[in-house]
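Numbers here are sequence positions counted from 1. Values in this document were obtained by computation on a predicted structure and should not be read as measured data. Every heavy atom of this structure was used, including side-chain atoms; hydrogens, water molecules and symmetry mates were not.
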Amino acid sequence: MTLAMREIFEKPVDRAIDGVIKADDEASLRTELDEYVITGEIGQRLEQFLEAYNNYQTANGVWISGFFGSGKSHLLKMLALLLENREGDGVKAFDIFAEKLKDQPMLAGALRKAVSIPSRSILFNIDQKADVISKNDIDALLSVFQKVFDEMCGYYGKQPHIAQFERQLDERGQFQAFKDAFLELAGKPWETRGREEALLEARNIAAAFARATGTNADDAKDILSQYRKDTRVSIEDFANTVKGWLDQQGPNFRLNFFVDEVGQYIADNVKLMTNLQTIAESLNTKCKGQAWIIVTAQQAITDVVGDLTS
């Protein structure tokens, strides 16, 4: 008697399987976690990373390299889910991986310790998030990092001056009052329509701002134009803002940036590589190991640096 092919395998093999793991795809988290295979080499590298992550000394960056299709994006996504201990279909990421590591107690223990550190993961493909940012800008990488951080905070990442406007209202405890006033005046929610149509909603924005802050609407009529004029973000400003956010989360909280396809984005642009290095160094200086950057690239970092400096 011969068994049908599908009866030989533990998992259904006739289902649709994505050929490429996408960093921003959350449709099949449980399946991806459940079916991830920890090879011998990945286990060794994971131990090295967890040793540095759990016992911070000076480093806060990780460069994951490998040829196309080698599983860089998949590993990056698994790390992002594990460190935050995300849930998939009611099961925590660590609990799924603990089953895989029954025969590797040291690695399981290191992972358990890492998961016990409260954290938030920001996982993104840099090409997708840099869709409106020119690589020729000297601060192109900083702009992407600022954008994803603003979005994580609930602010409008597409326009940094609007995000700054929202952040400062929030810091003063007036953001919700502004949103409520805007909804009443404009008949549309600020988050889904208002800030997308800011140029057309200047009068309602001014009136809502005046209500929320107790100022005169005439004085606020060009409030967003003034923010656009004045908003300038430096790497130091970004690091300070991240540090301020971390301080609000409680002691030892981590914010981890997981950035897919950095190597391809940087390519042969020396300024972009320098930009990335300076962002990592500034976050390290300000946040003392509470902010990490983990990236993927097809080239080893020594090859990239060598190509850029030769």
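- Annotation: side chain of F258 is not in contact with side chain of S73 (no heavy-atom distance under 4.5 Å).
- When atom types are taken as modelled, the side chain of D127 and the backbone of E261 share no donor-acceptor pair closer than 3.5 angstrom.
- Counting only N and O atoms by type, the side chains of T296 and D260 include a donor and acceptor under 3.5 Å apart.
- Here the straight-line distance linking atom CG of L141 with atom CE of M273 works out to 9.5 Å at 0.5 Å rounding.
- The local environment of CG in N252 is sparse, with at most 12 non-hydrogen atoms from other residues, nucleotides or ligands closer than 6.0 Å.
- No option in Q159, E166, E201 other than E166 meets the side chain to side chain donor-acceptor pair (under 3.5 Å) test with R195.
- A salt bridge is absent between E87 and R30; no separation between the charged side-chain nitrogens and carboxylate oxygens falls under 4.0 Å.
- Cation-pi geometry between K100 and F97 is met: the NZ or CZ atom falls under 6.0 Å from the ring centre, inside 45° of the normal.
- Look at D150 and R167 and you find a salt bridge, because one of the NZ, NE, NH1 or NH2 atoms lies within 4.0 Å of a carboxylate O, short of that distance.
- Between F149 and T241 there is a side-chain heavy-atom pair separated by less than 4.5 Å.
- Residues passing the ring-ring contact (aromatic ring centres under 6.0 Å, His included) test with F253 are W245, sequence neighbours excluded.
- Residue D103 qualifies as open at atom CG: its count of foreign heavy atoms under 6.0 Å is 12 or below.
- Using modelled atom types, one finds no donor on one side chain facing an acceptor on the other under 3.5 Å when comparing E151 with Y156.
- In terms of hydrophobic clustering, with Ile, Leu, Val, Met, Phe, Trp and Tyr side chains grouped at heavy-atom distances under 4.5 Å, V144 and M152 are assigned to a common cluster.
- Proximity of the aromatic rings of F257 and F145 is defined here by a centroid distance below 6.0 angstrom, and this criterion is met.
- With values rounded to the nearest 0.5 angstrom, E32 atom CD is found 3.5 Å from K77 atom NZ.
- Side-chain atoms of Q277 and E281 include a donor-acceptor pair closer than 3.5 Å.
- Within the structure, salt bridge (Lys or Arg N to Asp or Glu O under 4.0 Å) contacts touching residues 218-242 (residues at least two apart or in different chains) are E236-K286.
- In this structure, F178 has its ring center under 6.0 Å from that of F165.
- Of the inter-residue distances, the one linking W63 atom CH2 with K72 atom NZ reads 11.5 Å to the nearest 0.5 angstrom.
- By the side-chain contact (heavy atoms from CB on, under 4.5 Å) test, V115 pairs with N85, F94, L111, sequence neighbours left out.
- Rounding to the nearest 0.5 Å places NZ of K129 at 14.0 Å from OG of S143.
- Between E197 and K188 there is a salt bridge, since a side-chain N of the basic residue sits under 4.0 Å from a carboxylate O of the acidic one.
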